[in-house]
Enquirer: 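My questions will all concern the structure given below.
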Amino acid sequence: MNVLVTREIPEAGLRLLESFDVTVLSEQPPGRAELLEAAHGADGVLCTLTEKIDAEFMDAAGRSLKVVANMAVGYDNVDLGAAKERGVVVTNTPEVLNETTADAAFMLLLAAARRLGEGERIVRAGEWKAWGPKMLLGPDVWGKKLGIIGLGGIGEAVVRRAKGFGMEILYTGHSRKEEAEREFGARYLELNELLQESDFLSIHTPLTDETRHLIGAEEFEKMKSEAVLVNTSRGPVVDEAALADALESRRIFAAGLDVYEEEPEVHPKLLKLENVVLTPHIGSASIETRDKMATLAAENLQAVLSGKEPLHSVNP
Ligand code: DGY
């Protein structure tokens, strides 16, 4: 059977595919024409979030296509409707990246509050003249209120870290999480109340039609002026232009971003602002976790091609 792997992935995943006829594309995201051409005749595709897997792609693959195994927990790059119409199974890699992504969210939260980027830039530019009683002041993190938007596996892992910092936990989402309420003393609030009460906000919701631009100009108006926003989920959940305005006008104190609306493009205004920490979508980028993601994606693909149930189908 033919398997297309759209990017160079960790060896741990590739090793599991040795019984197939595997084509691995480049380290960088393939161009659209290259991707469509490579899809032809594939029985299975192991892809990443940089590839748009839509009806055109599935038709280019043809009727042999049985499975699209996305090496990511988010699967907004895959058209599930088109997959359903063609009987293609779509899988993802949840859970294995929860702790690592939570580390990254907390890293951004601390870095944005304590102005790590600014400090680094000053030191590297040789502009640090002396210790200063009022130099680079930012809000304390410990003991503050953390609002989680989407208390799933990653959100909960962030909460565990926050408890070590003595933070009070607030959350919003589709449903109440009674176990988390008992375990962490987390308080459920509607989004508007969460925006008003939180000192820190961390977004962990998938990108859907409902969550696109969930946080925009109106929402920034409701937030505290000393609030810090962290996004490690998907860029389009936040209206980037509105965020840039809110940061520029100091409507909020700072932000830490790992994801963007038009990756790898970043809103030009954000690039100029000091009060935002920017990382290039590396939330899950630990050596161990990327191995696990590649392995799980390969296991999902292998299961479907062997006529078995995959571990994590998103369109069962
Ligand atoms: C995901 O898995 O969805 C991340 O964005 C990449 O790790």
Side-chain angles (χ1 to χ4, degrees), residues 49 72-74 76 92-117 138-173 177 180 183-184 186 189 191 194-195 197-207 211 214-215 219 223-224 226-238 240 243 247 252-261 263 266 270 275-290 292-293:
L49 57 87
V73 61
D76 46 281
N92 70 340
T93 60
E95 289 155 33
V96 292
L97 46 62
N98 289 354
E99 301 297 330
T100 303
T101 307
D103 281 349
F106 223 80
M107 167 184 80
L108 286 171
L109 186 152
L110 287 166
R114 299 300 304 275
R115 304 173 65 175
L116 178 113
D140 268 326
V141 171
W142 69 273
K144 294 285 179 67
K145 288 183 183 169
L146 171 64
I148 300 279
I149 300 178
L151 192 56
I154 299 173
E156 277 202 20
V158 172
V159 167
R160 284 196 293 280
R161 284 150 181 78
K163 291 308 281 182
F165 282 70
M167 297 181 93
E168 190 182 326
I169 310 299
L170 317 172
Y171 76 101
T172 196
K177 304 281 172 134
E183 192 177 344
F184 308 116
L189 295 174
L191 178 62
L194 187 92
L195 296 169
E197 274 207 44
S198 301
D199 301 301
F200 293 86
L201 278 145
S202 194
I203 302 177
H204 302 286
T205 185
L207 175 63
T211 63
L214 182 71
I215 306 296
E219 286 67 34
M223 287 165 64
K224 295 181 181 179
E226 62 274 25
V228 172
L229 178 76
V230 171
N231 189 10
T232 52
S233 65
R234 284 291 182 268
V237 175
V238 176
E240 228 168 69
L243 171 62
L247 289 167
I252 65 170
F253 182 78
L257 303 177
D258 186 47
V259 289
Y260 306 88
E261 280 200 71
E263 293 178 10
V266 177
L270 288 177
N275 56 344
V276 59
V277 179
L278 307 168
T279 52
H281 204 148
I282 52 168
S284 64
S286 76
I287 297 161
E288 296 87 343
T289 290
R290 285 290 163 83
K292 286 183 197 154
M293 290 166 71

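Keep in mind that what you see is a predicted model, and the values were worked out from it rather than measured.
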Enquirer: Has the side chain of E261 got a donor or acceptor atom that lies under 3.5 Å from a matching backbone atom of E240?
Expert: yes

Enquirer: Measure across V73 and T93 and return the closest heavy-atom pair with its distance rounded to 0.1 Å.
Expert: N-OG1, 3.6 Å

Enquirer: To check you understand the geometry: which heavy-atom pair defines the closest contact between K224 and I252, and what is its length?
Expert: O-CG2, 4.0 Å

Enquirer: From I148 CD1 over to K177 NZ, what is the distance, rounded to the nearest 0.5 angstrom?
Expert: 11.5 Å

Enquirer: Locate the shortest heavy-atom distance separating P139 from R114; write the atom from each residue and the value.
Expert: O-CD, 3.8 Å

Enquirer: What closest approach, in Å, do V158 and L146 show between heavy atoms, and which atom pair accounts for it?
Expert: CG1-CD2, 4.0 Å

Enquirer: Walk me through it: do T279 and H281 pass the test side-chain hydrogen bond (donor to acceptor under 3.5 Å, both in side chains)?
Expert: CA-CA 6 Å; T279 52; H281 204 148; over 6 Å; no

Enquirer: Under the ring-ring contact (aromatic ring centres under 6.0 Å, His included) test against F165, which residue among W142, F106, F200 passes?
Expert: F106

Enquirer: Tell me if a side-chain donor or acceptor on K163 pairs with a main-chain N or O of F184 at a distance below 3.5 Å.
Expert: yes

Enquirer: If you round to the nearest 0.5 Å, how far is CD of E168 from OG of S198?
Expert: 9.5 Å

Enquirer: Using only atom types and a distance under 3.5 Å, with no angle test, would you say the side chain of K144 pairs donor to acceptor with the backbone of D140?
Expert: yes

Enquirer: Side chain of N98, backbone of A157: donor and acceptor closer than 3.5 Å?
Expert: no

Enquirer: Can you name the closest pair of heavy atoms from F253 and A113 and give their distance?
Expert: CE2-O, 3.8 Å

Enquirer: Without swapping roles, check the side chain of T211 against the backbone of P206 for a donor-acceptor pair under 3.5 Å.
Expert: yes

Enquirer: Nearest 0.5 Å, what's the CG-CG distance between L49 and N92?
Expert: 12.0 Å

Enquirer: When rounded to the nearest 0.5 angstrom, what is the spacing between CG in L151 and OG1 in T205?
Expert: 11.0 Å

Enquirer: Using 4.0 Å as the upper bound for N to carboxylate O, is an ion pair formed by R160 and E99?
Expert: yes

Enquirer: Can you name the nearest heavy-atom pair linking D258 to E263, along with the distance?
Expert: O-OE2, 4.3 Å

Enquirer: Hey, could you give me the CG/CG distance between L189 and L194, rounded to the nearest 0.5 Å?
Expert: 5.5 Å

Enquirer: Evaluate the side-chain contact (heavy atoms from CB on, under 4.5 Å) criterion for residues V228 and D199: first the C-alpha distance (whole Å), next the side-chain angles of each, then the deciding distance (0.1 Å), finally the verdict.
Expert: CA-CA 7 Å; V228 172; D199 301 301; over 6 Å; no

Enquirer: So, does T289 use its side chain to make a donor-acceptor pair with the main chain of A285 at under 3.5 Å?
Expert: no

Enquirer: Kindly compute the distance separating CZ (R234) from NE2 (H204), expressed to the nearest 0.5 Å.
Expert: 13.0 Å

